[in-house]
Amino acid sequence: MYSQTTTKNVFRHSNDYDHMLMYQNIHEKLTSTIRKVIPEFKEEDLSFDKTGHCDLTVRTFRYKGDNMEQLKSALLEESFVKSAVVEGKYLNLSIDSNFLLSIMHSSISTTGQYPDVFQDPERVSVEHTSINPTGPIHVGRVRNSIIGDSISRLLKRFGYRVTTQYFVNDSGKQMMSLYLAYEKYNANKQPTPELLLDGYRRIYREMESSGSEAEVEEMIKKYEEGDPVLINKVRKIAGVMLDDIKNDLKAIGIKIDDFTWESDFIVSGEVKTLISSLSDSIKSEGEAKYLELNDGRKVFLTRSDGSTLYVVRDIAYHMYKLSQSDWLITVLGEDHSEHGKTLTEILKTHFDLIKRLDFVFNAFVSLETGSMSTRKGNAVTLKELIEKTYEKSREIIVEKRGEKDSNDEIARKIAISAIRFNILKVSASKAMIFRWEDALDFNGDSAPFVIYSYVRASNIIKKSEMNMDNETSSISDKELAREERTLVLNMYTYPFILSEAVKNLKPEALANYAFMLSKTFNDFYEKCKVNDQDSEITIRRLMTVTVYKSIMEDISSIIGIQLVTEM
RNA sequence: GGGCGCGUGGCCAAGCAUGGAUAUGGCAACAGCCUCCUAAGCUGUAGAUCAGGGGUUCAAAUCCCCUCGCGCCCGCCA
């Protein structure tokens, strides 16, 4: 199933599959043609035009000599170049959109997708979420989950073998407080997320007012020593919260494959082994042990009492992930960016890390009134967000088409999609302020907009009476509207968007592209009637709509949009 | 104080890696478009010293330096 290839070329190059590599082939073909005239020409100087002058443009600023006319006639030799216009130092090309359409359509009819990509044998681990199970997931935290889940889906689409990971912190003060609060206030009651959260907030208030954390500290120590009875009990309580988090994530279509508990590395003795393996580099300050980084900073591995610190357990976790993956991606809040750097340095200098290790940092989501906090109780939970978004979505759908049995399911899908899209579309590095009015705005740059265009496309296909099986070998040139050409060209760039998103680990690029493409489709829809036209035109446009549907399905499955065919 | 990130029309974002044509959209505002594949849509109008300053370049939102503002970090916490 997995082809053995050593190249990192994104799309397969093989003569058997011409349809799937035409995106690159056009660039390669044109580049090699250009190089006959300008030998030092760089591929970057051939790009899609964003200014409305043409389809593809060749920039010649960098190159000496006045051979534009020669270049022009060379490029016109290519059958798919319809025109070439010299404008100053630009050579503007118009590409045969029927040629592009046939590439995409045949890819879809033979392989089921455009673009088709090879299977990469690399195993990738994507860690995301990894929040302390001390409360329900809120909109600040879920940003991390949505980004991580989209990255994992993106890489799967690319053919990687992906495992998603969650590192469960069950050995710190927060976790121990949650457990202790349950033991103190609710020991004989059935633990529920609400009960636990209530106790958690209460014990923090008490610790703050009394100024004493002795009880928790005592327990942390026992835990660190690996007391099996205690570990079991704590995990049971943490498990209740974790299940709640899992359910919330499941509600927005996120499933994590592998949960690893921090205390596993304590119980198994791996942290001890790890520390002794570092003995040559370890320095001491009193009884506490640390490593010195290149810039002289000290990273403490153990406390004076011998207990381990988080960084050690995270190193152990990374070694575990490295044992089963070729590439590690970890999505973290930006407050952990320093930790990510530290970890990378330690793994490289002390553990000969050569595999690819990437961190994606997401900035915080706050409220207009300031930061969100589970402990303070001012966080907007994911549950709340889902419910309100669902209500709003349902309200709109009932207004549009009255009460119908299918409304609930459609409203739910639209709501989930809207949430994911809204959060994903903003670059991870930008801080966000959560506002209900924005979250519940279903106009414009939103998932409902994207879904709506898909509904339109589906209806066109549904209403068409053409039999698409007996395809014509040539595609009609009749009445090609500007909107139709633009749609085809924009769809054609999809593989490029995909590969850039993978290269930069920026799933938000796909959300932005999905919106742009839907907009282009809506323009097409307004201007270009598909059914009941001259049959040649109908066939061509049906092919376009078919490709559009396929790309939207593909991209939706990556960014977590749940499509519907009526709304 | 030091480090990392961010700063783009009234509001929210895209573009920045790899400099290139009049800076791209959404929301809000105003003016229009449903005997026609769903108007959750489309068209038009108005609105921008790309935080500010300097530099590099034929060319800077994009690269470099400085300043300002905001976020995050600077634990024998996780």
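Chain A is the first sequence line, chain B the second, and so forth, proteins listed ahead of strands; every chain is numbered from 1. From a predicted model like this one, the values you see are computed outputs, not experimental measurements.
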Which of parallel (below 30°), tilted (30 to 60°) and perpendicular (above 60°) describes A/Tyr548 and A/Phe521? parallel

Taking atom P of B/A13 as reference, at what distance in whole Å does atom CG of A/Asp441 sit? 14 Å

Euclidean distance for P, B/G71 against B/A60 (whole angstrom): 33 Å

Name the nucleic acid region contacted by A/Phe361, choosing base, sugar-phosphate or nothing; use a 4.0 angstrom heavy-atom cut-off, strictly under. nothing

At under 4.0 Å between heavy atoms, which parts of nucleotides 69-78 of chain B does protein reach? Answer with one letter per nucleotide, 5' to 3': B base, S sugar-phosphate only, - none. --BSS--BSB

To the nearest Å, give me how far apart CZ (A/Phe521) and P (B/C37) are. 14 Å

Sidechain N-carboxylate O distance under 4.0 Å for A/Glu500, A/Lys503: yes

Using only atom types and a distance under 3.5 Å, with no angle test, would you say the side chain of A/Asp305 pairs donor to acceptor with the backbone of A/Ser307? yes

Criterion salt bridge (charged side-chain N to carboxylate O under 4.0 Å, His left out) against A/Glu484, the qualifying member of A/Arg540, A/Lys527, A/Lys529: A/Arg540

For A/Leu301, answer base if it contacts any base atom (sugar-phosphate contacts may also be present), sugar-phosphate if it contacts only those atoms, and nothing otherwise; contact means non-hydrogen atoms under 4.0 Å. nothing

For A/Lys430 and A/Ile460, find the nucleotide of RNA chain B closest to each by heavy atoms; which residue's nucleotide sits nearer the 5' end? A/Lys430

What's the closest nucleotide to the A/Phe442 side chain, out of B/A40, B/A21, B/C37? B/A40

Is A/Asp45 salt-bridged to A/Arg62, going by a charged N under 4.0 Å from an acidic O? yes

Say you pick atom C1' in B/U8 and the same atom in B/U24; how far apart are they, in whole Å? 11 Å

Taking the side chain of A/Asn522 as its heavy atoms from C-beta onward, which of B/G41, B/A13, B/C4 lies nearest to it? B/G41

Applying a 4.0 Å non-hydrogen cut-off, can you work out what A/Met567 is touching in the nucleic acid: base, sugar-phosphate, or nothing? base

Under 3.5 Å, is there a donor on one side chain and an acceptor on the other for A/Asp49 and A/Thr51? yes

Please measure how far the P atom in B/U43 lies from the corresponding atom in B/G25, and state the result in whole Å. 10 Å

Could you tell me whether A/Asn422 contacts a base, only the sugar-phosphate backbone, or nothing, with contacts defined as non-hydrogen atoms closer than 4.0 Å? nothing

Passes side-chain contact (heavy atoms from CB on, under 4.5 Å), A/Leu46 versus A/His27? Steps please. CA-CA 7 Å; A/Leu46 169 69; A/His27 276 64; 4.0 Å; yes

Determine whether the aromatic ring centres of residues A/His339 and A/Tyr310 are separated by less than 6.0 angstrom. yes

Could you let me know what B/G7 is paired to, Watson-Crick or G-U wobble, both distances under 3.5 Å, or none if it's on its own? B/C68

Given that both distances must come in under 3.5 Å, which nucleotide forms a Watson-Crick or G-U wobble pair with B/G1? B/C74

What's A/Arg59 touching, base or sugar-phosphate or nothing? Going by heavy atoms closer than 4.0 Å. base

Give A/Thr51 one of three labels, base, sugar-phosphate or nothing, depending on what nucleic acid heavy atoms sit under 4.0 Å from its own. base

Classify the side chain of A/Asn459 and the base of B/C37 as holding, or not holding, a donor-acceptor pair under 3.5 Å. no

Less than 3.5 Å apart, any donor N or O on the side chain of A/Arg401 or A/Ser406 sitting next to an acceptor on the other? yes

Here the distance between atom P of B/A23 and atom NE2 of A/His53, to the nearest Å, is 11 Å

For atom C1', what is the distance between B/A29 and B/C65, given to the nearest Å? 41 Å

If each of A/Thr57 and A/Ile396 is mapped to the nucleotide of RNA chain B with the nearest heavy atom, which maps nearer the 5' terminus, i.e. the 5' end? A/Thr57

P spacing across the pair B/C50 / B/C11, given as an integer number of angstrom: 16 Å

For a quick check, tell me whether the side chain of A/Lys519 and the base of B/U24 share a donor-acceptor pair closer than 3.5 Å. no

Determine which nucleotide pairs with B/G32, using a 3.5 Å limit on both distances of a Watson-Crick or G-U wobble pair. B/C42

Considering every strand and a 4.0 Å limit on heavy-atom distances, what is the contact class for A/Phe61: base, sugar-phosphate, or nothing? base

Looking at B/A13, I'd like to know if its phosphate oxygens (OP1 or OP2) sit under 4.0 Å from a side-chain N or O belonging to A/Lys425. no

Listed nucleotide nearest any side-chain atom of A/Ser429, set B/A14, B/G5, B/A40: B/G5

Can you check whether any acceptor in the base of B/A17 is under 3.5 Å from a donor in the side chain of A/Glu500, or vice versa? yes

Quick one: is B/A40 close enough that its OP1 or OP2 comes under 4.0 Å of any side-chain N or O from A/Arg456? no

Mind telling me if B/C36 is syn or anti? Syn here is a glycosidic angle within 90° of 0. anti

Write down the partner of B/C16 under the Watson-Crick or G-U wobble criteria, each distance required to be under 3.5 Å. none

Quick one: does A/Asn443 reach the base of B/A39 with a side-chain donor-acceptor pair under 3.5 Å? no

Say you pick atom C1' in B/U18 and the same atom in B/C12; how far apart are they, in whole Å? 28 Å

Starting at CG of A/Asn362 and ending at C1' of B/C6, how long is that distance when rounded to a whole Å? 14 Å

Is a donor from one side chain sitting under 3.5 angstrom from an acceptor on the other, for A/Asn169 and A/Gln174? no

Walk me through whether A/Ile220 and A/Ser171 qualify under side-chain contact (heavy atoms from CB on, under 4.5 Å). CA-CA 7 Å; A/Ile220 292 173; A/Ser171 52; over 6 Å; no

What does A/Asn504 touch in the nucleic acid at a heavy-atom separation under 4.0 angstrom: a base, only the sugar-phosphate, or nothing? base

In whole angstrom, give me the gap between the P atoms of B/G44 and B/C4. 45 Å

Using the P atom as the reference point in each nucleotide, state the distance between B/G9 and B/A14 in Å, no decimals. 13 Å

Could you work out which one of B/U8, B/C36, B/G15 sits closest to the side chain of A/Lys529? B/C36

Between atom NZ in A/Lys527 and atom P in B/C33, what is the gap in whole Å? 16 Å

Any strand, both distances under 3.5 Å, Watson-Crick or G-U wobble: B/C50 pairs with none

